[in-house]
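Excluded from the calculations below are hydrogen atoms, water molecules and symmetry mates; all remaining heavy atoms, backbone and side chain alike, are included. Labels below follow one simple rule: chain letters A, B, ... track the order of the sequence lines, proteins then strands, and each chain is numbered from 1.
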Protein chains: 4
Amino acid sequence: MTITAAQVQAGLAAALKKAGELKSPSSIAIVDAGRNLLGFLRMEDALLASIEISQAKAYTARSLNMKTADIMPLVQPGGPLFGMEHSHRTQPLVVFGGGVPITKDGAVIGAVGVAGGTTDDDAAIAEVAAAAIAG
Amino acid sequence: MTITAAQVQAGLAAALKKAGELKSPSSIAIVDAGRNLLGFLRMEDALLASIEISQAKAYTARSLNMKTADIMPLVQPGGPLFGMEHSHRTQPLVVFGGGVPITKDGAVIGAVGVAGGTTDDDAAIAEVAAAAIAG
Amino acid sequence: MTITAAQVQAGLAAALKKAGELKSPSSIAIVDAGRNLLGFLRMEDALLASIEISQAKAYTARSLNMKTADIMPLVQPGGPLFGMEHSHRTQPLVVFGGGVPITKDGAVIGAVGVAGGTTDDDAAIAEVAAAAIAG
Amino acid sequence: MTITAAQVQAGLAAALKKAGELKSPSSIAIVDAGRNLLGFLRMEDALLASIEISQAKAYTARSLNMKTADIMPLVQPGGPLFGMEHSHRTQPLVVFGGGVPITKDGAVIGAVGVAGGTTDDDAAIAEVAAAAIAG
């Protein structure tokens with residue numbers, strides 16, 4: 001199941017609206033089921049680091065089919081997957097909130113990553129984008 | 001002079017429309033004056049290589065404040081800038097058509113890169129996006 | 001359309017048999033539609049460089065939906081896409097023979113890359129693997 | 001002592017069978033004594049992150065001639081090798097279960113890494129593959 005350009009635009013627009021409501025200048029990244037970039041938008045006041053972090057969050061959420069916030073406890077010192085975030089050669093994983101899978105009919109068809117604000121705000125914006133894309 | 005998210009969305013939408021008219025499935029990338037990614041959109045039939053190439057074109061066009069097609073003759077064997085495309089440590093430059101600076105009031109405020117079709121089509125789509133953003 | 005583990009095993013086995021007939025010690029890499037690795041096999045006498053080159057060929061063939069041998073003339077000095085092989089940040093493209101798309105019902109569902117021998121032998125082995133997978 | 005392609009295929013097949021019994025969709029990676037990839041197989045439902053993590057586990061197990069699960073306590077904060085997992089320039093090490101050396105006649109001839117399930121399941125599958133290869 002592919003995600004169309006119109007769906008990507010709708011997801012970015014929904015995220016932009018939510019980010020405005022939360023006053024959280026953000027970058028939003030959307031990847032497909034193969035972890036390849038489909039869409040990206042950076043608001044003019046967003047931190048530059050949000051470019052890389054939003055994309056890493058989307059990549060991570062699809063790599064593990066998990067919300068990135070849910071990975072955090074697993075990789076802590078003493079946790080069962082300690083250090084997993086560094087296991088990828090060219091793209092580090094991100095383990096704090098803001099990355100969410102896009103699920104449709106029980107299948108993960110892609111992921112959204114948002115960065116720039118608090119992890120709670122990032123995650124809330126990502127959820128809105130994922131819902132707009134899943135329809 | 002910054003480029004707003006609304007302008008980025010307008011630039012992506014204009015490029016999408018032009019790509020549809022040309023039947024050229026494309027990726028479109030927009031960077032700001034600092035060569036940092038502002039927006040990206042990949043159409044569902046675009047080649048996956050267009051993800052990287054469109055971004056490389058936008059990066060190149062702003063790095064040199066030139067259309068990427070105009071760089072080609074300079075870097076040929078025997079040309080005055082032979083090999084320049086490999087001079088950047090982490091982001092190779094692209095020297096064929098499809099990357100164009102966004103110019104406003106005589107200043108370069110960013111760049112657009114398009115990939116997926118012929119270099120002529122890519123360049124035509126990038127020009128449309130740049131014009132939509134410059135207003 | 002996904003490629004099953006059994007299909008990957010069949011593709012690797014078919015490539016291995018062909019490589020034996022050609023006396024061409026090889027590495028064989030198979031990627032899915034998202035350019036992500038599905039299968040890999042290196043014969044015990046294959047050059048170590050074939051590990052990276054076979055994977056780069058499979059990645060390239062799917063990135064461009066082309067046989068890698070067909071890219072060669074386009075990227076030559078004076079060619080329309082001069083230097084394109086360096087446009088990807090983390091995975092260089094390969095433009096000589098040995099990478100072939102896997103096509104089924106008109107859609108590219110993945111790619112095979114083979115390295116270790118002459119480019120003609122590599123390509124012949126890759127074709128056999130792709131045919132075994134497409135069924 | 002080299003590992004033949006037939007042994008690699010047998011190791012992958014044994015791992016695949018065990019993964020099926022455990023209902024644990026997995027990626028399996030096999031490296032030789034030089035830590036270089038010999039074989040790889042990803043089951044169609046395996047997480048994409050298992051591609052990188054399985055290879056990192058096999059690399060780690062042979063780099064240290066240890067099961068990866070046994071490394072975990074050593075690299076914890078306060079442990080004697082704290083931070084060791086980041087000591088390799090291009091390939092991060094993995095310190096949780098799923099990577100096992102392949103030992104024959106007292107010598108380590110390679111390693112297997114498995115990812116996709118619980119670390120216990122990953123390790124159980126890797127043990128089966130290593131045993132199939134050691135014969």
- request: Not counting sequence neighbours, list each pair that qualifies as a ring-ring contact (aromatic ring centres under 6.0 Å, His included) and has a residue in residues 103-130 of chain A.
  value: none
field: Option in D:A56, D:P77, D:G79 with maximal non-hydrogen atom pairs under 4.5 Å from chain A
entry: D:P77
task: Determine the minimum heavy-atom distance between A:L64 and D:A49, stating which atoms define it.
output: CD2-CB, 3.6 Å
query: Checking D:I51 against chain A: side chain, backbone, both or neither under 4.5 Å from a heavy atom?
result: side chain
query: Can you check whether A:M84 reaches D:V94 side chain to side chain, under 4.5 Å on heavy atoms?
result: no
Between chain D and chain A: donor-acceptor pairs at under 3.5 Å:
unit_1, atom_1, unit_2, atom_2, d
D:L48, N, A:S63, O, 3.3
D:A49, N, A:S63, O, 2.9
D:E52, OE1, A:R35, NH1, 3.4
D:E52, OE1, A:H88, NE2, 3.1
D:E52, OE2, A:R35, NH2, 3.2
D:Q76, OE1, A:G78, N, 2.6
D:Q91, OE1, A:R89, NE, 3.3
D:Q91, OE1, A:R89, NH2, 2.8

statement: Closest heavy-atom pair, D:F96 versus A:F82, reported as atoms and distance to 0.1 Å, is CD2-O, 3.6 Å
